[in-house]
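Here's the structure we're looking at; comments come further down.
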Amino acid sequence: MEDKYYPQQVEEKWQRIWEEKKSFRAVEDSSRPKYYVLEMFPYPSGRIHMGHVRVYAIGDVIARFKRMRGYNVLHPMGWDAFGLPAENAAIDRGVHPAKWTMENIAYMRDQLKKMGISYDWDREIATCEPEYYRWEQLIFIRMLERGLAYRKRATVNWCPSCRTVLANEQVEGGRCWRCESEVAKRDIDGWFFKITAYADELLEWCDRLTGWPERVITMQKNWIGRSEGAEFDLPVVGRPDLKVRVFTTRPDTVFGMTYAVLAPEHPLVDQLVSDPGQRAEVERFRAETLKQTEQERTAEDRPKRGLRLSARVTNPFNGAEIPLFIADYVLMIYGTGAIMAVPGEDQRDWDFAKKQGLDIIETVSRPGGWSGEAYAGDGVKINSGFLNGLTVADAKRRAIDWLAERGLGEAKINYRLRDWGISRQRYWGAPIPVLYCDKCGMVPEKEENLPVVLPRDVEISGKGGSPLADHPDFANASCPRCGGRARRETDTMDTFVESSWYFLRYCSPRYDKSMVERKAADYWMPVDQYIGGIEHAVLHLLYARFYAKVLRDLGIVTIDEPFKALLSQGMVVKDGAKMSKSKGNVVSDDVIREKYGADTGRLFELFAGPPEKDLDWNDQGVEGAYRFLTRLWRFTFHNREALISTGPRVSSDGLSGNLRNLHRQTHRTIKKVTEDIETRFHFNTAIAAVMELFNAVFTAAQNGAVTGPDGSVIKQALETIIVLLYPFVPHAASELWEGLNEATALDNVPWPAYSEAALEQEKLLIVVQVNGKVRGKITVSADSSGDSIEDAALADPKVKAFLAGKEILRVVQVPRRLVNVVLKG
RNA sequence: GCGAGAGUGGCGGAACUGGUAGACGCACUAGACUUAGGAUCUAGCGGGCAACCGUGGGGGUUCGAAUCCCCCCUCUCGCACCA
């Protein structure tokens, strides 16, 4: 131990030791409880900066803490290595995506090691390696066999800049999640995963994910968007061959139906419109609707535009013939693409009916009478034939029964969730393992031919379309079934497929018989604590849940959910914006390490606020963290010789005054730090408590001896500080520990326990209030009776001044804390 | 519009089940040591001369409210014509 704190030296030393001893290697051991802590793995896009470091620092505190608590900890790291930026780098700079990716990985791995994050590097994975994605291809084939993967032509989201399809979850406010370009619609053939088959289960399990933040659960529930209702037919007047099928969540309101609406692109429209004049109108209307950008369509108070068709439909409940429209406010993608309109109880229908001069019928009695807008609340049915007098809920059931009895319709549940489009018309992704044979049609690749390896020698021009299509050896293949000529699928899989199961692969990263070794998965899964940004609330986190359920049903794993608990950490903000390369406000980890060391960078980010909140970067705050470590270092070094020769203190016997207080505070700090880390991840208050203890040690050492019996209390407090700091600043803590000549390396020291006896207080500070306001403080011995405390409180001179001439109504006492004297008047 | 969360010193944030509001840190002020100090140490630091007033605003419950209830305001995030 040097007299001065040289963090770079210390950090290099301990990182080397950890690497040589493989200190953080995880080995299955059924005799010990396991703990799997995982941070969302990064995309190797270049370099890590202090904005990224936060999540890894949080994960590392948990990993190191749990190890000290006796858990067998799995804390792995890997790379989400497929994706567009690699391809864009290839286009911009002529470097191959594989080379670019691997160089970034090498650099970022080194950065993480230099931050001292305690990963088991033996388990490192990169998703772009065939040994990884071959299992994904195998699962794809299994999903294909079960109808969970399928191909269809569909209207999809198309990012013109990335030149690829995007899943619904990857469109944010009409823009591409990655490049923020405006997303267009395109009809295109592509592959889908049938996530909707699991909609109900994904929704149900939301309520069992008790370790997840409420807001993430809410977002997932809203995204799945389950609604119960009914589906039934409206016969077209004069056209016995045609009927309009509608979905409604309000089957109780059928008697208020005064018109019906089809989505402009509804296929039935063409059959209903025969008049050439109207046909032209319809075409014009459709063109205008399609022309609207996403932004126009989401503008506030967007007027609802519609076109009345000459055809009419019949309300099966009362035989009324009502007008039929096409309108832009009805969407083809939801329900049946057609609705019954009930302006009395639906505001959208109300707005449209007002504009078009259509009838409005109320079917629910309104508590406050007519209000001049739609009423969506509860009440008793009116104007509703056989439903009259029922509540809304009862009328819903009755209406559905009525439909079912007559075979006209049925109860129906609809979801907002759409199937996951996974085809990407890009190169740098996992190949989809199917072929198209002239004779046999679409054929999956044979399992023994997996992996279908992504070829390296391609020309990446950025001209559009997957470059794989121009690679003759890849695209031209023979049919696995008949051996004849076949063309290989040249779309690749969405990179979110790789990230949907990487946490499983960590359990047995080199296993070559399956995606994961069964006994490894049974031991390690599920992830006990997952940590990542909120931006994946409905992307990665929903896909991973879906994939886990698919793998369970395929017999690969036995878990229902991949992540037991989730911590959504806040962003690192600087100058009012999220720290990011594009905003130009990044703080380089290299600079921080050079100036202050990795420990200081970690300590600042963990101390500045609780992990779920955004964190404001503050250069002076970093100084403060550094100052604390320097102070601790200096203190330890100066008193080192004395402390080494001092025996350890274990019990509080025979201690009094300040030393007894310091001894008590030491144990109280252990308790507080343990609880703050364990139950709520509030590292900021844990660190604050350690700082307080250090301040107390500092004062005690100035006022008394550092050797002998006094010194033993100080020594114990200081060693406690060092041990408690280990999860936050592992290098400095290890070096300080070693400096005190401790025999065992700090990596193997168990987390300290506190003693209840040490926490006990001989004297209590009692706050005395008069009418709820603090008027005095008294010290009493802990075994004082309530009466004697009350007497002492009333006798306190400061309190007495407030009591003079007043009548005491009553005295409230909170044991061990407070006395409140209530006066009359 | 719907849903979720949050408003506490000059700043980041504490106060966990209602019980000393402002822990800890930053910034700031004064002093000490010093050739010097942006190092270190010591002391102070919500407002007000004071009585008192203070946790976005207004009511309420309570002996006692940052914390519980009602109304309102502001901000952040998510969804956004999903029938």
Side-chain angles (χ1 to χ4, degrees), chain A residues 172-174 213-223 225-227 229 246-250 253 261 263 294 297-304 327-331 333-342 345-349 351-352 414-418 534-535 537-538 570 603-604 607-610 612-625 627-628 630-631 634 672 675-676 679-680 682 684-695 698 702 765-777 809-823:
Chain A
E172 296 171 347
E214 191 57 41
R215 60 176 173 155
V216 176
I217 293 292
T218 309
M219 278 157 86
Q220 293 218 348
K221 281 182 178 172
N222 291 344
W223 190 263
R226 178 189 151 106
S227 32
V246 295
F247 171 73
T248 178
T249 54
R250 291 294 302 274
T253 63
V261 189
E294 196 74 29
R297 287 176 56 193
T298 55
E300 259 182 80
D301 301 324
R302 178 167 157 254
K304 294 171 175 43
D328 56 2
Y329 79 98
V330 173
L331 310 172
I333 52 160
Y334 188 76
T336 60
I339 61 156
M340 64 167 206
V342 184
E345 277 90 35
D346 184 288
Q347 193 57 43
R348 294 158 300 181
D349 296 344
D351 294 342
F352 189 77
N414 253 314
Y415 296 94
R416 218 188 72 107
L417 183 70
R418 316 239 68 82
I534 188 71
E535 66 271 18
V538 285
L603 187 65
F604 164 70
F607 176 60
E612 67 275 10
K613 280 187 70 168
D614 285 353
L615 155 60
D616 239 328
W617 184 268
N618 178 347
D619 289 331
Q620 282 161 334
V622 180
E623 290 278 353
R627 201 173 303 154
F628 170 70
T630 312
R631 224 155 76 91
R634 220 181 308 122
K672 165 122 184 101
E675 287 170 359
D676 279 351
T679 64
R680 47 177 207 163
H682 278 203
N684 54 331
T685 51
I687 293 166
V690 176
M691 287 173 166
E692 272 185 89
L693 180 59
F694 178 63
N695 290 343
F698 199 86
Q702 277 175 328
L765 181 73
I766 304 284
V767 172
V768 186
Q769 296 183 333
V770 178
N771 285 336
K773 290 188 168 120
V774 179
R775 297 304 186 190
K777 287 161 196 174
L809 264 186
R810 65 165 164 144
V811 177
V812 181
Q813 221 181 109
V814 180
R816 302 171 69 85
R817 298 197 90 151
L818 159 146
V819 175
N820 187 12
V821 185
V822 186
L823 300 178

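So that the names make sense, note that chain A is the first sequence line, chain B the second, and so on, each numbered from 1.
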Rounded interatomic separation in angstrom, taking [atom1] from [X] and [atom2] from [N]:
X: A:Tyr329; N: B:rA80; atom1: OH; atom2: P; result: 20 Å
X: A:Trp223; N: B:rC79; atom1: CH2; atom2: C1'; result: 8 Å
X: A:Leu603; N: B:rG25; atom1: CG; atom2: P; result: 12 Å
X: A:Asn222; N: B:rG3; atom1: CG; atom2: P; result: 10 Å
X: A:Asp676; N: B:rC16; atom1: CG; atom2: P; result: 11 Å
X: A:Lys304; N: B:rA83; atom1: NZ; atom2: P; result: 14 Å
X: A:Asn820; N: B:rG18; atom1: CG; atom2: P; result: 17 Å
X: A:Leu615; N: B:rG13; atom1: CG; atom2: P; result: 8 Å

Indicate whether any N or O donor in one side chain lies under 3.5 Å from an N or O acceptor in the other, for [X] and [Y].
X: A:Tyr329; Y: A:Asp349; answer: yes
X: A:Asn695; Y: A:Arg631; answer: yes
X: A:Ser227; Y: A:Asn414; answer: no

Looking across every strand, which nucleic acid part, if any, lies under 4.0 Å from [X] by heavy atom: base, sugar-phosphate, or nothing?
X: A:Ser227; answer: sugar-phosphate
X: A:Lys773; answer: sugar-phosphate
X: A:Val814; answer: base
X: A:Val342; answer: nothing
X: A:Gln769; answer: base
X: A:Glu535; answer: nothing
X: A:Arg416; answer: base
X: A:Asp614; answer: sugar-phosphate

In Watson-Crick or G-U wobble terms, both distances under 3.5 Å, what is the partner of [N]?
N: B:rA65; value: none
N: B:rG3; value: B:rC77
N: B:rU17; value: none
N: B:rG37; value: none

What's the closest nucleotide to the [X] side chain, out of [options]?
X: A:Gln702; options: B:rG25, B:rU42, B:rG78; result: B:rU42
X: A:Arg817; options: B:rA80, B:rG12, B:rG19; result: B:rG19
X: A:Asn684; options: B:rG25, B:rG12, B:rA14; result: B:rA14
X: A:Arg631; options: B:rC41, B:rA83, B:rG78; result: B:rC41
X: A:Thr685; options: B:rA15, B:rA83, B:rA27; result: B:rA15
X: A:Arg810; options: B:rC63, B:rA21, B:rG3; result: B:rC63
X: A:Ala608; options: B:rC41, B:rA83, B:rG12; result: B:rG12
X: A:Phe698; options: B:rC41, B:rC16, B:rA83; result: B:rC41
X: A:Val822; options: B:rA14, B:rC16, B:rC63; result: B:rC63
X: A:Asn695; options: B:rA83, B:rG78, B:rC24; result: B:rC24

On the side chain of A:Glu214, is there an atom forming a donor-acceptor pair with the base of B:rG5 - under 3.5 Å, no angle test?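 There is none.
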
Got more than 12 heavy atoms from elsewhere within 6.0 Å of CZ, A:Arg680?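 Counting neighbours around CZ of A:Arg680, more than 12 heavy atoms of other residues, nucleotides or ligands fall under 6.0 Å, so yes.
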
Given B:rC26, is OP1 or OP2 found less than 4.0 Å from the side-chain N or O atoms of A:Arg627? yes

Look at A:Lys613 and B:rG13 and indicate whether a side-chain polar atom (N or O) is within less than 4.0 Å of OP1 or OP2.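 So the side-chain polar atoms of A:Lys613 do come within 4.0 Å of the phosphate oxygens OP1 or OP2 of B:rG13, strictly under.
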
Within 90° of 0 counts as syn, otherwise anti: where does B:rG9 fall? syn

Hey, which of these two, A:Leu818 or A:Phe247, hits RNA chain B nearer its 5' end, going by closest nucleotide? A:Leu818

Work out how far the P atom of B:rC24 is from that of B:rG59, and round it to whole angstrom. 34 Å

